Amino acid sequence: MTDHHIARDGAHDLHAFIAGLPKAELHVHHVGSASPRIVSALAARHPDSKVPTDPEALADYFTFTDFAHFIQVYLSVVDLIRTPEDVRLLTFEVARDMARQQVRYAELTITPWSSTRRGIDERAFMDAIEDARKAAEAELGVVLRWCFDIPGEAGLEAAEETVRLATDDRLRPEGLVSFGLGGPEIGVPRPQFKPYFDRAIAAGLRSVPHAGETTGPETVWDALNDLRAERIGHGTSSAQDPKLLAHLAEHRIALEVCPTSNIATRAVRTLDEHPLREFVEAGVPVTVNSDDPPMFGTDLNNEYAVAARLLALDEQGLAALAKNAVEASFLDADGKSRLAAEIDTYASTWLTP
Ligand SMILES: O=C(O)c1cccc(C(=O)CC[C@H]2O[C@@H](n3cnc4c(=O)[nH]cnc43)[C@H](O)[C@@H]2O)c1
Ligand SMILES: [Zn+2]
């Protein structure tokens, strides 16, 4: 899980720098973060599942022909989450994997509809994620916040249920900060979700839909104009529209770029063709993220290594990239300053001979 193009020599070992760099992650899915270790633990609880538990078999299983195939495999892992205890285990263990990478803060995208429709009680679901969130902060030093997303392909009924779960004061979890839209984009126009985003925004949630991952820049415009997006999940195809790039730059709308994900789902052909550099050159705020790390054979540290190569970043550049995520996050001002200061202290200590 390393980007082999970066030189690995002593003081200039960027991999070691990245490994210790305090980080924030803004685009990472709950179920999509289930590592082989977590999948094995869940499969042991539900031996009838078709998901392989052997790491080698899992690597094959997690090789995707296209985005639709990815979603099909993703849903087979969703089927492993059947009880509130499964939800709690998944959430806490995902935080443990984050802590190992020095992730201090993560906005984790959760699709509550996928769990409640499979029979998990909604109150028990919220209690499980909140219990895991509090334990992760106390025991692992990882601050988690939630983004509840509509699984777009499942339609307006799923949208209604998701916004209800996100805005009902009796259910809404304390850690919820944002509202998203995931799943396939082809055949799932963004504007139909406007009323649900309007309700979520009115309830104080921030808008962070996926857009421009598998369709063109017009989907990103729709996400901005109809869903009032404050950040864009992926936004890859924005590179095809100079006016859109200028708009994102002017309004400081960050892209949640997930390079390895884009290759794994075949949204982009090769890393060398990835538009990350074009975004930076256009002045668009960019953050790098892992999306569904074990499914894409990556982790956040590897995404930073990929970005270092594509953008020719040194340690200062990597620290600036980590601070982009802090700035674009939904942390409060105090939380942002503290994490940014921790990144600065780490970088200056590393660079002091
Ligand atoms: O849960 C179901 O039964 C169900 C039924 C119909 C449709 C769906 C979905 O559309 C689920 C999609 C699911 O995918 C998640 N996800 C993870 N990574 C990505 C990504 O890179 N781009 C878009 N979506 C992604 C998303 O959070 C949805 O939960 C489910
Ligand atoms: Zn995603």
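These values consider heavy atoms only, across backbone and side chains, with no hydrogens, waters or symmetry-generated copies. Quick caveat: nothing in here was measured; it's all calculated off a predicted structure. Atoms within a ligand are numbered from 1 in the order they appear, just like the ligands themselves.
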Atom 4 (C) of ligand 1: the protein heavy-atom neighbour that sits closest, reported with distance to 0.1 Å: Trp113 CZ3, 3.5 Å

Shortest protein contact, atom 13 (C) of ligand 1 (heavy atom only): Tyr74 CE2, 3.8 Å

Contact check, Met295 vs ligand 1, heavy-atom distance below 4.0 Å: no

For Ser114, the ligand 1 atoms whose distance to one of its heavy atoms is below 4.0 Å: 1 (O), 2 (C)

Full working for salt bridge (Lys or Arg N to Asp or Glu O under 4.0 Å) between Glu93 and Arg96: CA-CA 5 Å; Glu93 293 304 321; Arg96 194 194 300 280; 2.8 Å; yes

Closest protein heavy atom (residue, atom, distance) for atom 16 (N) of ligand 1: His29 CE1, 3.4 Å

Which atom of Met295 lies closest to which atom of Val31, heavy atoms considered: CE-O, 4.0 Å

The Zn ion (ligand 2): angle it makes with OD1 (Asp291) and NE2 (His210), nearest 10 degrees: 170°

Under 2.8 Å: N/O/S of His27 next to the Zn ion (ligand 2): yes

Stacked cation flag Arg190 on Phe197, 6.0 angstrom / 45 deg: no

Within reach of ligand 1, part of Val78 (heavy-atom separation under 4.0 Å): neither

Numbering as shown, the atoms of ligand 1 that approach Ile71 to under 4.0 Å (heavy-atom distance): 12 (C), 14 (O)

4.0 Å heavy-atom contact, His234 with ligand 1: yes

Atom 18 (N) of ligand 1: nearest protein contact (heavy atom, Å): Asp292 OD2, 2.7 Å

Distance-only polar pair, side chains of His29 and Asp149, donor-acceptor under 3.5 Å: no

Hphob cluster co-occupancy, Ile120 + Leu75, side-chain heavy atoms under 4.5 angstrom: yes

Lys NZ or Arg CZ of Arg277 over Phe279 ring: under 6.0 Å, within 45°: no

Test item, Asp291 contacting ligand 1 (heavy atom, 4.0 angstrom): yes

Any donor-acceptor pair under 3.5 Å from Asn289 side chain to Leu26 backbone: yes

Atoms of ligand 1, numbered as shown, that sit under 4.0 Å from any heavy atom of Glu153: 7 (C), 10 (O)

Pair Phe70 and Phe296, ring centroids less than 6.0 Å apart: yes

Centroid separation Tyr346 to Phe17 less than 6.0 Å: yes

Enumerated ligand 1 atoms positioned under 4.0 Å from heavy atoms of Arg117: 2 (C), 3 (O)

Taking atom 22 (N) of ligand 1 as the reference point, the nearest protein heavy atom with its distance: Glu213 OE1, 2.7 Å

Atom indices of ligand 1 within 4.0 angstrom of Thr111 heavy atoms, with elements: 27 (O), 28 (C), 29 (O)

Crowding at CD, Gln192 (>12 non-hydrogen neighbours, <6.0 Å): yes

Option whose closest heavy atom lies nearest to atom 24 (N) of ligand 1, chosen from Gly183, Gly32, Ala154, Pro209: Gly183

Nearest protein heavy atom with distance in Å, relative to atom 30 (C) of ligand 1: Leu75 CD2, 3.5 Å

Contact atoms of ligand 1, heavy-atom distance to Arg118 under 4.0 Å: 1 (O), 2 (C), 3 (O)

Linked, directly or transitively: Leu14 and Val280 (ILVMFWY side chains, under 4.5 Å): yes

Pick from Asp149, Thr265, Thr109: the one approaching atom 26 (C) of ligand 1 most closely through a non-hydrogen atom: Asp149

Those atoms of ligand 1 less than 4.0 Å from some heavy atom in Pro151: 8 (C), 9 (C), 10 (O), 11 (C)

His27, any N or O under 3.5 Å of ligand 1 N or O: no

Distance-only donor-acceptor check, side chains Thr270 and Glu273, under 3.5 Å: yes

Asp79 and Lys50 ion-paired at < 4.0 Å: no

Hydrophobic cluster membership, Leu90 vs Trp113, 4.5 Å side-chain cutoff: no

Numbered atoms of ligand 1 (with element) below 4.0 Å of Phe67, judged on heavy atoms: 22 (N), 23 (C)

